Amino acid sequence: MKKAAESPRGNFKTTLSDNFVIGIGASAGGLEAIHALFDNVPEDTGFSFIVIQHLSPDHKSLIAELLSKHTLMQVYEVKEGLSLRPNCIYVIPPQKLLTLKHGRLILHDKPKSKVPNNAIDIFFESLALEKKDKAVGIILSGTGTDGAKGLMAIKAAGGTTVVQDPLTAAFDGMPYAGVAAGADMILPPEMIAEELVDYLAHAPITKAYNVLDEEDEIVLRSILDSVHHETEYDFSHYKRPTLFRRLAKRMSELGIGRMEDYRRYLESNQAEIKILAKEFLINVTRFFRDLDAFETLRINVVPQILKDKRPSDSIKVWVSACSTGEEAYSIAMLFYEYLEKTRQLDRNIKIFATDIDSDALDAASRGVYSSESLRDVSEARVKKFFVKEGGLYRVSTALRKFVVFANHDILKNPPFSHVDLITCRNMLIYFDTTLQNKVMQKFHFALNLDGFLMLGPSENIGKIKDVMKEVDRKWKLFRCINKSPVVDSDIFLAPFDKKMALQATAASKAKNAINDIPEIFKNVLLDDERFTGILTTTEFEVKQAIGNYKRYLKFPEDGLNFNLLKLVPPDMAIALGVCMRKALAQ
């Protein structure tokens, strides 16, 4: 049986009464989403969970049995009149409808007509009547619109509604209908548990600010600017709903009801800025998180990487957003086991594990974990790779030497290069699309040809899809098949936009001359309007040119030619050709 995940910010257990009842509706493609949700729900929230899954009338349901492998809570198939208990999961049986009345689950025979299945709406509507503001409705993957009316009933009764992000759903009909019904939260299944508990624990402030108006957005930007200036963490492109729920949590804990009042509080309490930054940082990890994903790495990736290498070649792995190190050490175990089995332990392998959270990196470097942290590590691996020290376990020296931990900001720092495997699981779900695309381009640059990239189950490769081949759809494993640069012309042009340049030049006056030299230098260039930027293909064909490019480029009179090396003076062509070929070879 799989144990439930632990919150990175401490135990999920709250002071909430056990009156919250969570209804979960799903249809086609919903089973995987249900498992992903309960993989991250602890066993002691005090909530009762009722799963309404559209089921085939012709087959016995195995949902209760399968779900038991993803939780420590008791899972029951509903019997007539069953009373709800906290920290338990109840699953609807086939060919039945379900309602809730006076704390008991009531079964009804399902009509044999061919009308659309509305079992979720029926249960959600009864849940709204019974529990009012203590009702929670969650819609996961499925076709059709079942559940949308039920969500509206729950909202009207003062309850809370959550919908799986349609982009992460196998079938997005029900999620999109739920979004249209005005869901309070739209999240990937992996994020629902933690976000929901925080949301309920700090209501009503989270609900009051669930949708930010223009004035709130201005205040939020000011707060994010303060965090960036004080800590160098830039959260401006993190998804707004997630940021605000973290912000609302701090406001609630401090007894501050207005965002503007909290902004003023930050002005006179510098220590609070660092506390808020820690709240924004996402540190969700554990050993062998999604064991089947690591089995995919063990079977399909590790042997392939070694097969393609000569004995003298180095092997590089990059674990981005490594948090406290569990994922990096899990991957190290896979490589160690294969190298030991094939008698290649002398191979040069380095696993670069990076994060922006210095405290998390310190914990990762120490490599000391509780027995609870090792719950998903087999007894054989615990015995082989850990040394018991009192009630704790320290990573063995043999495994530790595989891993190098480093502070690295994927948004600001250059990526690594010549990497054979990159894992970045469940970080991108917190970023907006612009940021996701920038990160993907950096990952593509870092990978070797035929190198592997593994993302979280709800994440996608976006703009680099044409240069990557899907290896495993479920576990979002891809292989690099083309190293042609993936250039985003918007990224190339944006810094040189004249209006933005003038604003940046004015803003640079207030910047610290030591920490912001590159940006100030860029702004000086822009101010003088003496810069030149030229975008070319790998064959040196000019695609775009900005700035005072006429100083350098001259078109021939006897015909058009867009090769950069033909458009500049001979001496410059030689220098440019050498430099650009060196850059392409990196």
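What you see is a predicted model; the values in this text were computed from it and never measured.
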> Among Ile186, Val197, Ile138, which one satisfies side-chain contact (heavy atoms from CB on, under 4.5 Å) with Ile192?
Replying inline: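 That would be Ile138.
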
>> Exactly one of Leu339, Ile315, Val317, Ile331 should register a side-chain contact (heavy atoms from CB on, under 4.5 Å) with Phe402. Which one does?
In response: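 Of all the options given, the one that passes is Leu339.
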
Ring centroid separation for [X] and [Y], is it under 6.0 angstrom?
X      : Y      : answer
Phe452 : Phe478 : no
Phe352 : Trp318 : no
Tyr369 : Tyr393 : no
Phe287 : Phe386 : yes

>> For Leu297 versus Pro303, what's the shortest heavy-atom pair and its separation?
In response: O-CD, 4.3 Å

>> In terms of relative ring orientation, are Tyr262 and Tyr265 parallel, tilted or perpendicular, with 30° and 60° separating the classes?
In response: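 Correct class here is parallel.
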
Does the pair [X]/[Y] count as a salt bridge with the N-to-O cut at 4.0 Å?
X      : Y      : answer
Arg250 : Glu272 : yes
Arg289 : Glu327 : no
Glu195 : Arg245 : yes
Arg347 : Asp313 : no

>> Please list all pairs meeting side chain to side chain donor-acceptor pair (under 3.5 Å) that have one or both residues in residues 399-415, counting only residues at least two apart or in different chains.
In response: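 For residues 399-415, and leaving out neighbouring residues, the side chain to side chain donor-acceptor pair (under 3.5 Å) pairs sorted by first residue read Tyr329-Arg400, Ser358-Asn407.
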
Is the backbone N or O of [Y] less than 3.5 Å from a side-chain atom of [X], with the two atoms forming a donor-acceptor pair by type?
X      : Y      : result
Asp432 : Leu435 : yes
Asn460 : Gly462 : no
Ser252 : Lys249 : no
Glu459 : Met427 : yes
Lys483 : Leu447 : yes
Arg394 : Arg366 : yes
Asp184 : Val162 : no

>> Assess, by modelled atom type and distance only, whether the side chains of Gln164 and Ser141 contain a donor and an acceptor separated by less than 3.5 Å.
In response: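 Result is no, nothing qualifies.
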
> Cut-off 3.5 Å, side chains only: do Thr324 and Glu326 have a donor facing an acceptor?
Replying inline: yes

> What's the verdict on side-chain contact (heavy atoms from CB on, under 4.5 Å) for Phe280 and Leu224, showing C-alpha distance, side-chain angles and the deciding distance?
Replying inline: CA-CA 10 Å; Phe280 285 160; Leu224 296 179; 3.7 Å; yes

>> Consider salt bridge (charged side-chain N to carboxylate O under 4.0 Å, His left out). Of Lys309, Lys316, Lys350, which one does Asp420 pass it with?
In response: Lys309

> Where do Tyr338 and Phe335 land on the ring pair (Phe, Tyr, Trp, His ring centres under 6.0 Å) test, with the steps shown first?
Replying inline: CA-CA 5 Å; Tyr338 184 81; Phe335 274 96; 8.3 Å; no

